[in-house]
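What follows is one structure encoded as C-alpha cells, with my remarks underneath.
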Amino acid sequence: MLPSVTFLDLETTGATPLRDRITEIALVRFDDGVETLRWQTLINPQQPIPPFIQSLTGINDAMVADAPTFAEVADKLLALLEGAVLAAHNVRFDHGFLKSEFKRIGFNFRTKVLCTVKLSRLLYPQYYSHGIDAIVERHRITGLARHRAMGDVEAILIMLNDARRDLGEELVRAAALKLMSAPTLPPHIDASLVGELPEAPGVYLFYGENDLPLYIGKSINLRARVLSHFSSDHASSKEMRMTQEMKRFEWIPTAGEFSALLLESRLVKERLPIYNRQLRRERQLCSWRLASGGTPQPLLTLVHEDEIDPSQLTQLFGTFKSKRQAVETLRKIAEMSHLCVKALGLEPGRNGPCFAYQLKRCKGVCCGQESAEMHALRVQQALIAHKLKIWPYPGKIGIEEYNLENDLRQIHVFEHWVYLGVAVDDDSLQELRAQKTALKFDLDTYKLLLKMLAQKKTRVLDLAG
C-alpha cells in the first residue's frame with residue numbers, strides 16, 4: 001500500500017492526551033508490502049486506570065503494575081516507527097497521545113500519519129459507519145480481542161486485506177496516497193508547523209512581512225480551515241493575493257466555537273487585518289431610540305453605537321450598519337403599518353398633513369385624525385420585531401465551554417451584553433466576577449451572545465451577588 005507503514009493502536013486511561021496516559025501499545029509494520037515486525041506491550045501509566053476503562057479494555061491496575069513506563073520503551077518505539085507512515089484508526093487520537101508522551105520526556109515527536117477511518121470511508125463510501133465495531137461486523141471478523149491494542153490493529157489489517165481482494169491493490173494504494181498527499185504551501189511556510197495544526201477549535205492569524213496580521217479567522221477544525229486557504233483552487237483573487245503575501249502563521253486554541261468567535265471578533269477589532277473587511281466594521285452601528293411619552297416629535301432618534309448604554313436597551317430598535325440602512329428600513333415599516341413619516345422624523349416640517357396621508361398611507365396623527373398616544377403605540381407594535389432585548393439576568397453571567405481533547409476550559413463573563421473577559425481557572429473567574437468595568441455596547445458580541453443563549457445546550461453560570 002505504501003513503501004513503509006506501521007499500523008498502531010493504543011489503549012489509554014481516558015480520552016485527553018494532556019491528562020490521561022497510555023496503558024498498551026501494539027503495532028504491525030510493513031515494508032514493501034511485507035510484514036517485517038509486530039510488537040505489543042502493556043505500559044505502566046503511572047496513574048490509576050478508571051473503573052470504566054478497566055471494564056472496557058480488560059486492563060486493570062494489577063496488570064500494568066510491573067509493566068515498563070512509556071519512557072522505558074520510548075527508544076524502542078521510535079526505532080520501530082522510524083521511516084514509516086504511522087497508520088491508525090482515528091490517527092489523531094493515537095498521534096496526540098504519542099506526542100504528549102514523548103513531550104513529557106523532552107522529545108518533539110513528528111511523523112507522517114494516515115487515518116484508516118478516512119481510508120475506510122474512501123474505500124467503502126456506501127457504508128455510514130466506519131468505527132472498529134462497524135468494521136468487525138461488516139467484514140465478519142471473529143476471534144479478536146476487541147478493545148485491546150493488537151486486536152484492533154488486526155481488525156484494520158483484515159479490512160485492508162478484504163479491500164485489496166474486492167477492490168484491487170491499485171485502488172487501495174491510490175486511496176492511501178490521496179490521503180497522504182501534502183497540501184501546496186505558500187513560499188516561506190514551514191511544512192512541519194502545518195503538521196502541528198490541531199483538528200480542534202481556535203483562531204488562526206496569517207502574517208506578511210511584519211507583525212501586523214493580514215487575516216484573522218476562526219474554525220472548529222483549525223487544520224482543515226488553514227489548509228483550505230492553501231488550496232490551489234482559490235475561492236477568490238483576494239484569497240490568492242493573501243496567500244502569496246503570507247510569510248508565516250500562528251494559531252490560538254480555544255475550548256469551543258463560541259470561544260473562537262469571541263476571540264476572532266476581539267482580535268480583528270484590535271489589530272485591523274487588511275483582509276478582514278466584514279468584522280473591521282468601519283461604520284458604526286446605528287439604532288432607533290423611541291421617545292417616551294408618545295408626543296415628542298420626532299418620535300425616533302438615530303443613535304450610534306458609542307451612545308448606547310447597554311443597561312438601557314428598552315427603547316432601542318434595530319441594529320443597522322449605516323444611517324442609510326436605518327432610514328430605508330424605517331420607511332418600509334412606516335409604509336406597511338400606515339405610520340406618519342413626519343412624526344417619525346423622516347419628513348421635514350411640523351404643521352399640516354404628511355405626504356403619506358395624502359396618499360392614504362398615514363392615519364393622520366400629523367393633522368389631528370389620530371391621537372399621538374395611539375400612533376406611538378402603533379409605532380411600538382410595528383417595531384417590536386426589531387427591539388433590542390433587555391438583559392435577562394440580575395447581574396453577571398458566565399458561559400462555559402470545555403474541550404475534552406485539549407483539556408481546555410474557558411468561562412466567558414458578560415454583563416448587560418458586554419464581554420468582560422475569559423477565565424481559565426477559579427482565581428481568574430473571581431477576579432472577573434468582582435471587576436467593575438465601564439460597559440460599552442458591541443453589536444457583534446450582542447449577536448453572538450444572543451444566539452448562544454438561545455441554545456439549550458449552553459451552560460450558563462449565574463455570577464450575580
Side-chain angles (χ1 to χ4, degrees), residues 258-259 261-270 279-296 298-323 325-327 329-330 333 344-345 376-377 379-401 410-423 428-456 458-465:
F258 182 61
S259 303
L261 285 164
L262 286 170
L263 181 58
E264 178 198 34
S265 178
R266 179 175 65 81
L267 290 178
V268 168
K269 289 180 175 65
E270 288 177 356
L279 277 174
R280 283 179 62 174
R281 227 177 259 292
E282 295 176 1
R283 298 180 179 180
Q284 276 198 325
L285 156 78
C286 299
S287 185
W288 289 109
R289 176 182 289 150
L290 181 64
S292 58
T295 55
L299 278 174
L300 294 170
T301 306
L302 199 61
V303 295
H304 295 285
E305 190 169 6
D306 55 6
E307 300 174 297
I308 295 176
D309 182 349
S311 64
Q312 303 293 326
L313 302 184
T314 310
Q315 298 300 105
L316 291 181
F317 298 85
T319 52
F320 307 102
K321 296 179 181 178
S322 65
K323 178 180 179 180
Q325 185 189 49
V327 170
T329 302
L330 186 56
I333 293 172
L344 294 177
L377 181 60
V379 169
Q380 290 191 56
Q381 290 174 336
L383 291 172
I384 195 69
H386 297 270
K387 187 172 184 178
L388 272 62
K389 294 190 178 295
I390 301 171
W391 183 242
Y393 301 97
K396 294 177 182 178
I397 64 164
I399 302 291
E400 182 177 15
E401 281 194 315
Q410 293 180 310
I411 300 176
H412 302 278
V413 180
F414 300 87
E415 184 176 15
H416 292 294
W417 307 107
V418 177
Y419 184 41
L420 303 183
V422 58
S428 56
L429 180 60
Q430 292 307 316
E431 288 180 11
L432 286 171
R433 190 174 183 177
Q435 177 178 300
K436 302 294 183 182
T437 308
L439 302 180
K440 184 177 180 181
F441 190 80
D442 178 78
L443 174 61
D444 296 311
T445 302
Y446 171 78
K447 289 184 174 180
L448 286 174
L449 185 53
L450 202 61
K451 184 177 180 180
M452 193 66 176
L453 292 175
Q455 300 177 17
K456 293 182 179 179
T458 301
R459 186 177 179 189
V460 180
L461 308 179
D462 185 359
L463 305 179

Under the criterion side-chain contact (heavy atoms from CB on, under 4.5 Å), I'd like the reasoning laid out for L449 against F258: C-alpha separation, chi angles, the key distance, then a yes or no.
CA-CA 9 Å; L449 185 53; F258 182 61; 4.3 Å; yes

Decide yes or no for [X] and [Y]: does some side-chain heavy atom of the first lie under 4.5 Å from some side-chain heavy atom of the second?
X: L263; Y: V422; result: no
X: I308; Y: L313; result: yes
X: L330; Y: L383; result: yes
X: M452; Y: L261; result: no
X: L290; Y: L299; result: yes

Please report the interatomic distance [atom1]([X]) to [atom2]([Y]), rounded to the nearest 0.5 Å.
X: Q435; Y: Q430; atom1: CD; atom2: CD; result: 12.5 Å
X: T458; Y: L453; atom1: OG1; atom2: CG; result: 6.5 Å
X: K387; Y: Q381; atom1: NZ; atom2: CD; result: 12.0 Å
X: D306; Y: D442; atom1: CG; atom2: CG; result: 12.0 Å
X: L463; Y: I411; atom1: CG; atom2: CD1; result: 7.5 Å
X: R433; Y: S428; atom1: CZ; atom2: OG; result: 13.0 Å

Report yes or no: does E401 contribute a side-chain atom to a donor-acceptor pair with the main-chain N or O of Q410 at less than 3.5 Å?
no

Please check: side-chain N/O of R459 versus main-chain N/O of E400, any donor-acceptor pairing under 3.5 Å?
no

Considering non-hydrogen atoms only, spot the tightest contact between [X] and [Y] and give its length.
X: T319; Y: K447; result: OG1-CE, 3.8 Å
X: R289; Y: E307; result: NH2-O, 3.8 Å
X: P394; Y: A464; result: CG-CB, 4.1 Å
X: L388; Y: S287; result: CD1-OG, 4.1 Å
X: A382; Y: I333; result: CB-CG2, 3.8 Å

Under 3.5 Å, which donor-acceptor pairs do the side chains of residues 412-420 form with other protein atoms, sequence neighbours left out?
{"unit_1": "H412", "atom_1": "ND1", "unit_2": "Y419", "atom_2": "OH", "d": "2.8"}
{"unit_1": "H412", "atom_1": "NE2", "unit_2": "S259", "atom_2": "OG", "d": "2.7"}
{"unit_1": "W417", "atom_1": "NE1", "unit_2": "K389", "atom_2": "O", "d": "3.0"}

Might you work through the side-chain contact (heavy atoms from CB on, under 4.5 Å) test for I399 and V460, ending with a clear yes or no?
CA-CA 5 Å; I399 302 291; V460 180; 3.7 Å; yes

Verdict with supporting geometry, W288 and T329, side-chain contact (heavy atoms from CB on, under 4.5 Å):
CA-CA 11 Å; W288 289 109; T329 302; 5.8 Å; no

